[in-house]
Amino acid sequence: MSQPVRVRFAPSPTGYLHVGGARTALFNWLFAKHTGGKFILRVEDTDKARNTAEALQVIYDGLRWLGLDWDEGPQVGGPHGPYCQSEREAVYQRYFDRLKDGNFLYDDGGAWRFRFAREVVEVDDLICGKVPFDFNNLEITPDMTIRRPDGSWIFHFVNVVDDIEMEITHVIRGEDHLSNTPKHLQLFRALGAEPPRYGHIPLILNKDGSKMSKRDQGASITSYIDGGYVPAAVRNYLCLLGWSPKDDREKLDLDEIVRLFEPSKINRKAAQFDIEKCNWLNWQYLVAMSLDEFTDAALPFIEKAGIPFGTRAALVPVLAMVKEKIKQLPETPGWLPYFFADEFVFEKDAEEKLRKPGALETLASLREGYASLAEWNAASLEAKLKELAKARGVKAGELVHPARAAVSGRTVGPSLYHMLEVLGRERVLARMDRAASMFAG
RNA sequence: GACCCUAUCGUCCAGCGGUUAGGACACCGCCCUUUCACGGCGGAUACACGGGUUCGAAUCCCGUUAGGGUCGCCA
């Protein structure tokens, strides 16, 4: 194993990138980075009917979003191209002829089948260990078709040929391929090629243990992109599904993961996918962002919601207040409307706060106190409110609640004093006046 | 059905012959607090079952059960 590591991710363009596939790609990528090897992307698009350019784009977008750049493959080229199987007809024909000349193939109604050696083949797996497969029973393991009557190629054959041609040294793939591996080993031997080392990683299941399919929550990488997840967070979460640094750390820098990653340390049991924990990690990344980074990340959602924030300079101070409340980026615009529009609907709970006996009276006294405040900032606003509360012999909350309701139409929000500071005296007093007349009588 | 993989809190991850079985998410209390969050403190919950091996098993072996995978002219 002195030769440089060459690993590959070989997806079929089906129109979406499954988290399981993404994790497979990630583990391959990590292994390449860890060993200083190469990560190759190969598109297995032999099924012409199903493959479209859009479906392929989803894979490229998903991998790039996760930061999994490929050293060789479509769009970047490389010495072993082309990297789409649909363009490698001549290569397959050459290998096919070799098998045919070696008497490994026979015609079965127009399809070509590969004749298995009838013996025990042992897979020596990086993750699962040595696993023997018995080919002696023809019923259980019938010979394998490698070419259809229409001349198109079957997965097993092109997969092996390309692994040979692309000089792949390690194949890290889903456990669903474990049973295919002895068949592939037979093909390697028939072609006189040294097989790569294999490592089969367990599948990802739903939280309840059922098989994860296309429509299940969190199954598609596109859903994370659209949902405003932090790519590094999703990547981090995926790393933790079946692998760990063997201590209790969970939020890990990519460099650290690259340094520690070992395929042999991957768990052998299937992991169940927990979107809640993924969300928590994502939030950890959100918390760690600078205000500027957070603004960049949240902006698309704010714009999409049509919040008339004006300039970035006006937006940033508001986000500074609200950032700590936000667990998911798409929630962001929900915290903003009343900062940028005087017209807003009062929530039912907020109305109740203002209808409470004495609420308008305390609000009026606060309004008066604020109207004459020398300096308009969070500290002075707080001091004034507390002074008035004390004078009236009530808890601060008695003033805070109606004030918040009057100014924002809500019962929850960021720190009241900071909110009032950002809103400015003029708007605050006007909104208090408006609430006073709205809820009078 | 046959073959293969797997089995620690609800979930993820530690543990690799001797631990009060640890951490995280979620959950439940309490505290903090102007709301909601955050934070702090505390709690409940796990070695699937049955046999071995051993002075001693979550850890090793064998069964059973359960889950998953594969048995295509899909990939």
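First the proteins, then the strands, lettered A, B, ... as listed; each starts at 1.
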Under the ring-ring contact (aromatic ring centres under 6.0 Å, His included) test, residues paired with [X] that sit two or more places apart:
X	answer
A/His80	none
A/Tyr370	A/Trp376
A/Phe135	A/Phe116
A/Phe188	none

Whole-angstrom distance between [N] and [M], as gauged at atom [atom1]:
N	M	atom1	result
B/A37	B/C30	P	14 Å
B/C27	B/U70	P	34 Å
B/A24	B/G63	C1'	35 Å
B/C60	B/G18	P	12 Å
B/G10	B/C47	P	8 Å
B/G50	B/A44	P	25 Å
B/U45	B/G39	P	25 Å
B/U59	B/U53	C1'	13 Å

Atom [atom1] of [X] to atom [atom2] of [N]: distance rounded to whole Å?
X	N	atom1	atom2	answer
A/Glu122	B/C4	CD	P	13 Å
A/Met212	B/G69	CE	P	13 Å
A/Lys353	B/U35	NZ	P	9 Å
A/Leu366	B/U34	CG	C1'	12 Å
A/Leu252	B/G23	CG	C1'	13 Å
A/Glu421	B/U34	CD	C1'	17 Å
A/Phe133	B/A2	CZ	C1'	13 Å
A/Arg249	B/G22	CZ	C1'	16 Å

Applying a 3.5 Å limit to both distances, which nucleotide forms a Watson-Crick or G-U wobble pair with [N]?
N	value
B/A2	B/U70
B/G18	B/C55
B/U34	none
B/U65	B/A7
B/G29	B/C41

* Asked: Which residues satisfy the salt bridge (charged side-chain N to carboxylate O under 4.0 Å, His left out) test with A/Arg147, sequence neighbours excluded?
  ->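 Expected list: A/Glu89.
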* To do: Could you list the residues that satisfy salt bridge (charged side-chain N to carboxylate O under 4.0 Å, His left out) with A/Asp248, not counting sequence neighbours?
  =>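 Listed in chain order: nothing, the list is empty.
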Might you confirm whether atom [atom1] of [X] has over 12 heavy atoms from other residues, nucleotides or ligands at distances under 6.0 Å?
X	atom1	result
A/Glu368	CD	no
A/His156	NE2	yes
A/Glu119	CD	yes
A/Lys356	NZ	no

* Where each residue is assigned the nucleotide of RNA chain B containing its nearest heavy atom, which of A/Tyr417 and A/Lys130 is assigned the position nearer the 5′ end? ->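 Checking each residue's closest nucleotide, the 5'-ward one belongs to A/Lys130.
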* Is the closest basic N to carboxylate O distance between A/Lys353 and A/Glu351 below 4.0 Å? ->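 A salt bridge is absent here (no side-chain N lies under 4.0 Å from a carboxylate O).
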Determine the contact category for [X]: base if any of its heavy atoms lies under 4.0 Å from a base atom, sugar-phosphate if only primed atoms, P, OP1 or OP2 are that close, otherwise nothing.
X	value
A/Thr14	nothing
A/Leu416	base
A/Pro202	nothing

So which protein nitrogen or oxygen atoms get under 3.5 Å of nucleotides 45-47 of chain B's nitrogens or oxygens?
none

Does [X] have any side-chain hydrogen bond (donor to acceptor under 3.5 Å, both in side chains) partners at least two apart in sequence or in another chain, and if so, which?
X	answer
A/Glu347	none
A/Asn206	A/Ser210, A/Asp216
A/Arg8	A/Asn159, A/Asp163

* Selected nucleotide, minimal atom distance to A/Glu324 side chain, candidates B/G68, B/A37, B/C36 ->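 The listed nucleotide nearest to A/Glu324's side chain is B/A37.
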* Which way is the base of B/C38 turned, syn or anti, if we draw the line at 90° from 0? ->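 Here the answer is syn: the torsion falls within 90° of 0.
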* Asked: Is any side-chain nitrogen or oxygen of A/Lys327 closer than 4.0 Å to OP1 or OP2 of B/C38?
  ->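 True: A/Lys327 side-chain N/O within range (under 4.0 Å) of B/C38 OP1/OP2.
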* Can you check each nucleotide of nucleotides 70-75 of chain B against protein heavy atoms at under 4.0 Å and return B for base, S for sugar-phosphate only, - for none, in 5' to 3' order? => SS-BSB
Look for any protein N or O under 3.5 Å of an N or O in nucleotides 10-14 of chain B and output each such pair with its distance, or none.
{"residue": "B/C12", "atom": "OP1", "partner": "A/Gln272", "partner atom": "N", "Å": "3.1"}
{"residue": "B/C12", "atom": "O2'", "partner": "A/Leu240", "partner atom": "O", "Å": "3.2"}
{"residue": "B/C13", "atom": "OP1", "partner": "A/Gly242", "partner atom": "N", "Å": "2.9"}
{"residue": "B/C13", "atom": "OP1", "partner": "A/Asn267", "partner atom": "OD1", "Å": "3.3"}
{"residue": "B/C13", "atom": "O3'", "partner": "A/Ser244", "partner atom": "OG", "Å": "3.2"}
{"residue": "B/C13", "atom": "O2'", "partner": "A/Ser244", "partner atom": "OG", "Å": "3.1"}
{"residue": "B/A14", "atom": "OP1", "partner": "A/Ser244", "partner atom": "OG", "Å": "3.4"}
{"residue": "B/A14", "atom": "OP1", "partner": "A/Lys246", "partner atom": "NZ", "Å": "2.5"}
{"residue": "B/A14", "atom": "OP2", "partner": "A/Asn267", "partner atom": "OD1", "Å": "3.4"}
{"residue": "B/A14", "atom": "O5'", "partner": "A/Ser244", "partner atom": "OG", "Å": "3.2"}

